[in-house]
2 protein chains.
Amino acid sequence: MIKMKEKIKTELCPIRDIICRLSDKWSMLVIVILNDGGTMRFNEIQKAMDDISQRMLTVTLRSLEADGLISRRIYPEVPPRVEYSLTPLGTSLLPALTMLVDWAKENTGAIQESRRSFESVNK
Amino acid sequence: MIKMKEKIKTELCPIRDIICRLSDKWSMLVIVILNDGGTMRFNEIQKAMDDISQRMLTVTLRSLEADGLISRRIYPEVPPRVEYSLTPLGTSLLPALTMLVDWAKENTGAIQESRRSFESVNK
DNA sequence: CAGAATCCACGGCGATACTG
DNA sequence: CAGTATCGCCGTGGATTCTG
């Protein structure tokens with residue numbers, strides 16, 4: 001059996017870096033929303049998230065673009081129009097992301113109950 | 001096709017909460033290491049990570065214990081001995097975690113190259 | 001040995017105001 | 001519409017010291 005630990009310690013300084021980029025407050029959610037919505041404009045994405053600030057959406061989109069997970073197309077019009085969509089690389093992340101979300105969904109109850117009993121013991 | 005966005009917005013305030021707990025600096029790594037090592041003592045885990053502070057390891061372990069992902073067994077001896085191991089719930093997270101790590105591993109090169117070209121364009 | 005407690009630096013993130 | 005710029009809070013996490 002392969003030692004996952006070795007995976008992480010030898011190959012995964014870069015891997016941990018990637019995980020950290022994804023696991024900020026908004027990145028995963030943006031990817032999921034773009035997967036559902038296809039090609040979307042800035043404001044569309046913001047409405048779909050409904051509680052992200054304009055600044056953080058900009059920052060998040062730039063970060064994802066830098067990593068090659070989304071593409072950003074600018075139309076030289078007035079008023080300006082900018083469209084975002086997942087790249088193939090971004091799309092390839094979805095199975096793993098979905099699995100994580102599904103796991104979280106299935107175990108939400110168990111985890112919350114565990115937290116409650118843990119707190120009542122340590123109160 | 002199911003709208004992932006709906007999943008996240010309706011069911012996933014709790015789900016996002018879980019993802020956030022996992023995606024701090026150390027939690028995923030601890031889970032992976034415990035999966036490789038089985039039952040381990042505090043110092044064993046710390047050595048396996050080799051760059052985590054004592055404080056952060058304590059904090060991380062408590063958080064994972066509260067969520068029911070790891071168990072903590074105390075032996076009333078002198079000097080004290082405490083052993084950690086994955087619970088079934090913690091183990092059930094591994095497939096999703098592995099998938100994410102594998103994706104990151106496979107696409108590290110592409111991502112880093114994307115970052116470089118992005119920076120050279122925006123310099 | 002396995003922590004608890006304290007102090008502190010840094011960076012993520014939000015609020016607000018301004019612009020092409 | 002889709003940003004950019006600036007300011008400031010606060011939470012994460014590191015270093016250090018102390019304890020049962």
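What you see is a predicted model, and the numbers here were worked out from it, not measured in a lab. Computed over heavy atoms, backbone and side chain alike; hydrogens, waters and symmetry mates excluded. In what follows, chains are A, B, ... by sequence order, proteins preceding strands, each numbered from 1.
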Open item on the list: Minimum heavy-atom separation for A/Leu29 and A/Met49, please, with both atom names.
Closed with: CD2-CE, 3.7 Å
Task: Short side-chain to backbone donor-acceptor contact, A/Thr60 and A/Ser27, under 3.5 Å - done: no
Task: Where protein sits on nucleotides 14-20 of chain D, one letter per nucleotide: B base, S sugar-phosphate only, - none, heavy atoms under 4.0 Å - done: BB----B
Open item on the list: Using every non-hydrogen atom in the two residues, find where B/Ser114 and A/Gly68 come nearest and quote the distance to one decimal.
Closed with: OG-N, 3.1 Å
Open item on the list: So, taking the atom named CG in A/Leu86 and the one named OG1 in A/Thr91, what distance separates them when rounded to the nearest 0.5 Å?
Closed with: 4.5 Å
Task: DNA chain D-proximal residues of residues 61-71 of chain B, any heavy atom under 4.0 Å - done: none
Task: Side-chain donor or acceptor of B/Glu119 paired with backbone N/O of B/Arg116 under 3.5 Å - done: no
Open item on the list: Looking only at side-chain N and O atoms, does B/Ser85 offer a donor or acceptor that is under 3.5 Å from a partner on B/Ser71?
Closed with: yes
Open item on the list: Rounded to whole Å, please give me the gap between CZ in B/Arg21 and C1' in D/dG11.
Closed with: 14 Å
- [ ] Report yes if a side-chain nitrogen or oxygen of A/Arg81 is closer than 4.0 Å to either non-bridging phosphate oxygen (OP1 or OP2) of D/dA2; otherwise report no.
- [x] no
Open item on the list: Could you check whether any side-chain heavy atom of B/Arg72 comes within less than 4.5 Å of a side-chain heavy atom of B/Arg62, counting everything from C-beta outward?
Closed with: yes
Task: A/Arg21 versus A/Ser63, side-chain donor and acceptor atoms under 3.5 Å - done: yes
Open item on the list: For a quick test of reading the model, state the closest non-hydrogen atom pair linking B/Ile31 to B/Gly90 and the distance between them.
Closed with: CG2-O, 4.5 Å
- [ ] Could you check B/Arg115, B/Lys25, B/Lys105 and say which one makes a salt bridge (charged side-chain N to carboxylate O under 4.0 Å, His left out) with A/Asp17?
- [x] B/Arg115
TODO: Under 4.0 Å between any heavy atoms, over every strand shown, what does B/Tyr75 touch: base, sugar-phosphate, or nothing? Just pick one.
DONE: nothing
Task: 5′-ward residue of the pair A/Glu83/B/Ser23 relative to DNA chain D - done: A/Glu83
Task: Nucleotides bounding contact with chain B, strand DNA chain C, heavy-atom threshold 4.0 Å - done: C/dC1 to C/dT6
